[in-house]
Structure formats: structure tokens, C-alpha cells
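Residue numbers count from 1 along this sequence. Source: prediction; values computed, not measured. Just the heavy atoms: all of them, side chains too, but no hydrogens, waters or symmetry mates, feed the values below.
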Amino acid sequence: MRECFREFPRYGTISCRGKTQLVHRVMFKLLVGEVSEGFQVSHSEPRGPNHTRCCNPHHLEAVTSEEALRRRDRERARLR
């Protein structure tokens, strides 16, 4: 299993040329490719979709907004 690249306090951000972006999205675009319209970058394994501190592209995937919301809701229900 590949470990997380970096642990940020929450969502990590990076600024370039005056524009602030989320690190996990930048890493995905650089190492995997562009995210198709209608999709967003979601955290997946090994810690689940709400593990927002990781930017390892092997722990990220492009999913529809609907799927990202389902994952979030499942994780919230699991934590109750």
C-alpha cells in the first residue's frame, strides 16, 4: 500500500501566480491528468473519502458530484 504523501491540517493549498488551489487537485492534474467536466477529485483509499489531508494521486480518483456526495454521506453516517 502506498502511504500518504503529505498530511495537511485540513485541505492543503498552494498558491501560484496569485491563484490559490487545493493541493490534491493540483497533484491529480499533474500526475494523472485533467478532470473531465462533470467530475471532481475525490479522496479514496486507504482512509476513505473524507480523508482530506492526503495528496497522493494513488489515493485520489475522479468521480461525479453525485458519487462524491454519496461517499460523504456514507462516511458521516458511519461516524455517528
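Residues satisfying the side-chain contact (heavy atoms from CB on, under 4.5 Å) criterion with T20, sequence neighbours excluded, are T13, S15. The side-chain contact (heavy atoms from CB on, under 4.5 Å) check on T64 picks up F39, E66, E67, with sequence neighbours excluded.
The CZ atom of R70 lies 10.5 Å from the OG atom of S65; values are rounded to the nearest 0.5 Å. Rounding to the nearest 0.5 Å places NE2 of H58 at 11.5 Å from CZ of F28. Interatomic distance, Q21 CD to K29 NZ, rounded to the nearest 0.5 Å: 6.0 Å.
Considering every non-hydrogen atom in both H43 and L60, the closest pair reads CD2-CD2, 3.4 Å.
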